[in-house]
Amino acid sequence: MWRMRVVHTTGYAYQAPVTASYNEARLTPRSNGRQNVILNRVETIPASRSYRYIDYWGTAVTAFDLHAPHADLTVMSSSIVETEPQEPPAGDAGWSELRSEAVIDRFDELLRPTPHTPASKRLGSVGRKIAKAHAPVDAVVAAAAWVRGALDYLPGATSVHSSGLDALSEGRGVGQDFVHLSLMLLRGMGIPGRYVSGYLHPRSDAVVGDTVDGRSHAWIEAWTGNWWSYDPTNDCGINEQYVSVGAGRDYTDVAPLKGIYSGEGATDLDVIVEVTRLA
């Protein structure tokens with residue numbers, strides 16, 4: 001078991017003072033089977049009034065608004081989380097169960113295409129070949145391996161608005177793209193899939209007490225009788241280095257910050273993620 005502190009700081013600098021802004025932050029980890037959240041707080045500069053709720057997909061949201069003119073906005077989330085390795089993937093469901101009316105109806109929203117994970121004839125063909133050769137659990141790993149072969153990891157290659165097909169046509173992308181493309185394959189095979197947002201400590205041999213540059217990260221959850229996670233970017237299971245925050249159909253459902261503001265000009269955005277292994 002690890003204990004980690006994660007500090008995620010986002011700064012906005014507006015070209016002209018903003019008179020009002022309304023925002024949602026999805027920056028709060030939630031306790032589940034493999035992680036226990038000891039502490040989380042989300043703060044803003046300037047200070048704001050806020051309230052928390054759990055959204056449709058089960059992600060904790062901090063909503064806040066500002067009504068005084070401001071030229072800058074800083075949002076900082078600080079968390080302490082205990083993490084454990086994931087249990088081995090569950091493989092109770094075979095292809096016949098996954099294709100049953102009951103499963104399709106239950107997971108309808110997690111089987112449909114989205115703007116970030118559109119339907120694709122090419123990927124449909126790839127998925128059929130994978131499904132023919134593998135049981136569902138192994139098909140999830142095979143799909144992630146196919147994505148690893150199709151994309152080169154290149155920071156900045158795509159934007160948050162890019163779809164899995166955009167990345168595939170470019171042949172490169174970031175973690176978000178690896179996840180979107182993997183979800184397209186899974187859903188095409190009839191395996192319910194979720195996009196998971198969170199953080200990854202970059203070092204498996206992390207020194208207790210050392211603060212390092214971490215990063216926001218994303219991976220998949222697949223349902224093959226039970227939900228389990230896999231990281232297609234690094235082609236591995238989920239261990240103590242991972243802290244999950246939110247889950248949904250694609251990146252849009254779990255974007256760390258969303259908001260609207262009243263004012264002129266674009267914004268400069270600066271994001272810093274620091275992670276420290278505490279134990």
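Computed from heavy atoms alone, side chains included, the values below leave out hydrogens, waters and symmetry copies. Note that this is a predicted model, so its numbers are computed, not measured.
- Side-chain N or O atoms of Ser159 include one that pairs as donor or acceptor with a backbone N or O of His161 at under 3.5 Å.
- Using a 3.5 Å distance cut-off with no hydrogens or angles, the side chains of Tyr199 and Glu274 do not pair a donor with an acceptor.
- Taking a cutoff of 4.0 Å between a charged side-chain nitrogen and a carboxylate oxygen, Arg26 and Asp253 do not qualify as a salt bridge.
- No side-chain donor-acceptor contact under 3.5 Å links Thr62 and Ser50.
- For Arg194 and Trp57, the positive end is not near the middle of the six-membered ring at less than 6.0 Å and at most 45° from its axis.
- Between the side chain of Gln35 and the backbone N or O of Val81 there is no donor-acceptor pair closer than 3.5 Å.
- In summary, the side chains of Asp65 and Asn23 do not present any donor paired with an acceptor at a separation below 3.5 Å, with no hydrogens or angles considered.
- With hydrogens and angles disregarded, no donor-acceptor distance shorter than 3.5 Å links the side chain of Thr267 to the backbone of Tyr12.
- Checking His217 against Thr233 by side-chain atom types alone, no donor-acceptor pair falls below 3.5 Å.
- Salt bridge absent: Glu97 and Arg99 never bring a charged side-chain N and a carboxylate O closer than 4.0 Å.
- Put simply, the side chain of Trp95 gets close to the backbone of His134: a donor and an acceptor are under 3.5 Å apart.
- Aromatic ring centroids of His201 and Tyr242 lie 6.0 Å or more apart.
- Proximity of a side-chain donor or acceptor of Arg187 to a complementary backbone N or O of Gly193 within less than 3.5 Å is detected.
- Transitive grouping of hydrophobic side chains (ILVMFWY, heavy atoms separated by less than 4.5 Å) brings Phe107 and Val254 into a common cluster.
- A salt bridge links Glu82 to Arg3: one of the charged nitrogens lies within less than 4.0 Å of a carboxylate oxygen.
- Taking the six-membered ring where the residue is Trp, the centroids of His180 and Tyr195 are separated by under 6.0 Å.
- Contacts of Asp152 classified as side chain to side chain contact (heavy atoms under 4.5 Å, CB included), with partners at least two apart in sequence or in another chain: Arg172.
- Checking side-chain atoms of Lys258 against main-chain N and O of Thr252 turns up a donor-acceptor pair under 3.5 Å.
- Side-chain contact check for Ser77 and Asn40: at least one donor-acceptor pair (N or O, by modelled atom type) lies under 3.5 Å.
- No side-chain donor-acceptor contact under 3.5 Å links Thr117 to the backbone of Pro113.
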